[in-house]
Structures are given as structure tokens and as C-alpha cells.
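What follows is one structure encoded as C-alpha cells, with my remarks underneath.
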Amino acid sequence: LNLLTSVMTGRGLKPGAQRDDPPNSRLFVVTSRSITEDELRDRFSDFGDIQGVWVVKDKQTKESKGIAYVKFARSSQACLAMEEMHGKVLMDGTKPIKVFIAQSRSSATHRDVEDEQLTRIFVMIPKSFSEEDLKNTFKEYGDIEYCVIIKNKFTGESKGLGYVRYYKPSEAALAIELCDKAYRAILAEPRTKASSTEEYKSSPTDPGIPVPSTADPGSFPVVDYRSGDFTRCLMMSTRAGLTQEQIFALFDIIPGMEYCELQRDSYGMSKGHALIRYSNLGSAVYAKEKLNGFEYPPGNRLVVNFIDDGEDRRMATQFVAAQMMAAVWNGPSTSQVSFSSVSTVPRIQTDVNLPPLKKLAPPDSKAKERLFVVFSPSPLPPDVLEDVFCRFGSLIEVHLVPGRKVGYMKYADKQCADEAMAALHGRVVNGVKMKVMLADPPREESHKRPRTY
DNA sequence: CGACGGGACGC
DNA sequence: CGACGGGACGC
């Protein structure tokens, strides 16, 4: 009964975020001071289920301040009302009203919520989806301005994530409300500060602090090569207008460069960054350490980061190669570096008599069995785990739980998984003891994520 | 003792 | 410019 009362009057709601539940379902309306709540309710009720109307009034005089809030049950309703009512004259002789999606109460700012932030959604899609597939899937909710699938920049392979830009906020809201939950559609964050993850994974080095070009030969930077953030590919950013040839010459100082390309826009102008790939991880690690923060030309600091090239992480242990290079490195004059010693470093040290490597099962294989692995004292790198756990056949993938000392091994074949467990439980690999058990079935319910409509 | 649930584009 | 009230459940 109380719930019903709250819904009908818009009162009795708990303070804070509850009032904007679901998100973007409340309107901020700038009106003439003579407009009443009843008039607003009357004019806005065509667009959806109104849960409350409130005209802000002066504490003393009780006069309207010309501001009102209209709460709808759904974001799509609020958006539709905004689209239809913004600019309307509610009463002769008064100014046209302004209608915006209200900022959440907790929001610090009072800037208007832009349509820009309300028309683009972010979805999870099958890797096999083309942009055309994406468009066809989401066009039923409204006209689409464009669709983009996030792809690996090197292989072109889809990352299973996409953006859909609608023309109207109500369309994006409808898509989020109505599309299959498997797409996990949410409003996209505005694309300004160049994404989170890729940058997040990159150098913790403060770019404001110049790094001397010549590191002391004996010491090697402390980096956690187990984090899986290292690949052979680097991204170099520069503010100065460097040429392809300059960049090539710079990164070619480190042996093993096999690809170097200055990125250009459609007019052939430099975009201020270049992609560089080395033949091995050690070279890439070393190049990053040497050239990130390097001033070239003097006064222009280069920024060099790893980028995910989507390759497997099998070569991660070649990290040791970087340390060896550091040891033998004598500066740019030394152009030949022997890697012979590197190849003799054994990848895996274990008390297990390991079968030979076997191919992985296709990534889309159905998991028939999962192993739960506990590491002590710390988890092994994923590439080492893949190397070890693939040898019993049918391994689909290794999954480490971030921040924990446990992981899951997915197998396409039960027998293979059981053999791996029998062979590896209680054993030690590279000094890490492993418990290998059957994993509990994944818990089914997982719709905990708050939805953004 | 040790449990999974996700997510981001590059002017 | 134009941004946040009224009222007071029941573990």
C-alpha cells in the first residue's frame, strides 16, 4: 500500500539515488513560474507513467521558482517527453519550456545532460557479429546513426563489443530497456579521455617526469611480467611532428624490430602516434624502458606503452630476454646481440613429467569440465599455465581470477581435465605449488549489475 | 583454504 | 539563465 502511494504521489521515496531509479527517468523542466504541478502532469502524462511531479517553490513565499521535476517510470518515457515537450509554450504569453533529463541528485554539477550522452549505447555481442549484424539487431528500437564494433587493431578481430548511436535519446533508452539481456546494453560513456582499459594497462610511469635516455646498465626496472600486460607491440605517442623515418630509426636501435608505422589520418597527416612491433617480448620490454620518456627531439618527450596485440601470452617468459639484453647492452653502437643464451632458459621447471604440448581446443568449444586451481604462494603467469595444462588435451582456456591466487581451466573433454588434475594436483611448477580440483559449477544468477536506464 | 560475472572507442 | 520538498516505515 505504501509502495502504491509512493508511486502515485512521487513522495515517500527513500533519499538519494532511489529518486532516479531507473537512471535517466526524471526530467528537469524550466517553466514559467505560473505553471502548476497539475498542469505539468496533464501535459506530460501522454508520454508515459508519471510517478511524481514537483514544482520547486520558494520556502517563504511558496511561489514557484520556475523549475519542476517530472519523474517517469522508465527512461524511454522521460526521453520521449523531453524530445516532444522541449521548446513548447504551455500557456499563452509565457516562454517556451526547457526540458532535460535531470542530473542525478548526487551529481555535483548542474550542467544539462546532453543528448550526446543519451544516444549511444554500448553492447556485448558475439565475436562473429559484423557491424551490419549489429545494426540489424538494434534498428528495431530506432533509426541508427552508426554502429561500430571494437576490433583488435592488428588482427581486425572483433572484441565482442560494440557501440550503437541512435538519433534520439528515447531510441537508445528503448534499446536498453527492450533488447535481449545477453547484450548487456548500457549507455556508453562519452568518448573523450581516450578509453580506460588500454590506457589503464599502460605505463604507470608518470609522463610528466622525464626518464633519462641512458638507464644504468646494472639495474633493470621492476615490472611485474606476470600481469600479462606485455606484448611485443608498442604504441609511441609524440607531440612533435616526427617522420616515419625518424621513428623507424629510433626504434630500430633495439634489435628485433619487425614493424614500425606512423599512424596517419585520412588526409595523410600524422596522428601523433606510431605502432611498433618487435620479434620478441624482451626487445619490446627493453624498447619501452629505453624510449618511454626519452626526449626526441630535445624538449619533446615520447610516450611508449605496450598495447594488446591479441596474441597469446606464450612468449611472456621471454621477458627474461630483456634482462639479458640489459646486461649485455652497451648502447646504440652495439647492433648485434646474441640471443643464444636466452633460448637455453627453460620455460617450465617442474617435478611433473609433462606430456608434450597439445593444441588448444577452439575458443568456442563447450566446456565439459572446469578445474579449479589454487596457487601457493602466488599465481603462475597465464602463459605458463596454458603451457602446462594444455598437455593433457582439449584445454579451452586459462582464467586467472584477478587479485586472487586461484584460477580456472576450461576443458572441452572431461577425461582430459581429469588427467590434468591427476597429474598436476599437489605438484610444483616454477616454484609454485598447485592444488588442482574440480570447479564448482558457476553460479547461475549474475544479473547484479545496475542497469543504466 | 580458495571461487568465477565480464565492458570501452583513439581527433 | 534554471537544480532538489514533502513526510516519517518498521527491522
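Worth saying up front: this structure is predicted, and the values here are computed from it rather than measured.
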Assign [X] to base, sugar-phosphate, or nothing according to its heavy-atom contacts below 4.0 angstrom with the strands shown.
{"X": "A:R404", "answer": "sugar-phosphate"}
{"X": "A:K405", "answer": "nothing"}
{"X": "A:M235", "answer": "base"}
{"X": "A:V123", "answer": "base"}

- request: Classify the side-chain pair A:R74/A:S25 by whether it contains a donor and acceptor separated by less than 3.5 Å.
  value: no
Among [options], which nucleotide has an atom closest to any side-chain atom of [X]?
{"X": "A:K153", "options": "B:dG2, C:dG5, B:dG10", "result": "B:dG10"}
{"X": "A:A188", "options": "B:dA8, C:dA3, B:dG2", "result": "B:dA8"}
{"X": "A:R184", "options": "B:dA3, B:dG7, C:dA3", "result": "B:dG7"}
{"X": "A:E189", "options": "C:dG5, B:dA8, C:dA3", "result": "B:dA8"}
{"X": "A:Q103", "options": "B:dG5, B:dG7, C:dC4", "result": "C:dC4"}

For the pair made of [atom1] in [X] and [atom2] in [N], what is the distance, rounded to whole Å?
{"X": "A:I35", "N": "C:dG2", "atom1": "CD1", "atom2": "P", "value": "15 Å"}
{"X": "A:F100", "N": "C:dC4", "atom1": "CZ", "atom2": "P", "value": "16 Å"}
{"X": "A:M82", "N": "C:dG2", "atom1": "CE", "atom2": "P", "value": "20 Å"}
{"X": "A:Q51", "N": "C:dG6", "atom1": "CD", "atom2": "P", "value": "21 Å"}
{"X": "A:K127", "N": "B:dG7", "atom1": "NZ", "atom2": "P", "value": "11 Å"}
{"X": "A:D20", "N": "C:dC4", "atom1": "CG", "atom2": "P", "value": "14 Å"}
{"X": "A:I186", "N": "B:dG5", "atom1": "CD1", "atom2": "P", "value": "17 Å"}
{"X": "A:R120", "N": "B:dG10", "atom1": "CZ", "atom2": "P", "value": "10 Å"}

Would you say whether [X] stacks on [N]? The test is a distance between ring centres of less than 5.5 Å and an angle between planes of less than 30°.
{"X": "A:F122", "N": "B:dA8", "answer": "yes"}
{"X": "A:Y408", "N": "B:dA3", "answer": "no"}
{"X": "A:W54", "N": "C:dG5", "answer": "yes"}
{"X": "A:Y69", "N": "C:dA3", "answer": "no"}

- prompt: Counting just side-chain N and O atoms, does A:R191 come under 4.0 Å of either OP1 or OP2 of B:dA8?
  reply: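 Answer is no, no contact under 4.0 Å.
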query: For B:dG5, does OP1 or OP2 lie under 4.0 Å from any side-chain N or O of A:H399?
result: yes
Donor-acceptor pair under 3.5 Å, A:K98 side chain vs C:dG2 base: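 When only heavy-atom distances are counted, A:K98 does reach the base of C:dG2 through a donor-acceptor pair under 3.5 Å.
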field: Check: C:dG2 base within 3.5 Å donor-acceptor of A:R111 side chain
entry: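 In this structure, the two groups form no donor-acceptor pair.
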DNA chain C: 5'-proximal contact among A:K62 and A:F28 (nearest heavy atom):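 Its nearest nucleotide being more 5', the pick is A:F28.
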- request: Identify, between A:K95 and A:E37, the residue whose nearest nucleotide on DNA chain C lies closer to the 5' end.
  value: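 With A:K95 and A:E37 compared, the 5'-side residue is A:K95.
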field: Pairwise side-chain contact, A:P190 with A:E116, heavy-atom cut-off 4.5 Å (strictly under)
entry: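 Not touching, per the 4.5 Å side-chain cut-off.
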message: Contact between A:C233 and A:I276 at the side-chain level, heavy atoms closer than 4.5 Å - yes or no?
response: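 A side-chain contact is absent here, since even the closest heavy-atom pair is not under 4.5 Å.
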- request: Would you mind telling me which residue lines up with the more 5' stretch of DNA chain B, A:P402 or A:L161, judged by nearest nucleotide?
  value: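 On the 5' side of the pair lies A:P402.
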field: Of A:V148 and A:M124, the one whose closest DNA chain B nucleotide lies more 5'
entry: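 The residue closer to the strand's 5' end, by nearest nucleotide, is A:M124.
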message: Under the rule for side-chain contact (heavy atoms from CB on, under 4.5 Å), what residues qualify as partners of A:V56, not counting sequence neighbours?
response: A:W54, A:K65, A:I67, A:Y69
- request: Flag the pair A:K151 and A:E131 as a salt bridge only when some basic side-chain nitrogen lies within less than 4.0 angstrom of an acidic carboxylate oxygen.
  value: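 Yes.
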- request: Please state whether the rings of A:Y408 and A:F372 are parallel, tilted or perpendicular, taking 30° and 60° as the class boundaries.
  value: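 Because their plane-to-plane angle lies in the 30° to 60° range, the rings of A:Y408 and A:F372 count as tilted.
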Candidates A:Y163, A:Y183, A:Y166 - the one meeting side chain to side chain contact (heavy atoms under 4.5 Å, CB included) with A:I121: A:Y166
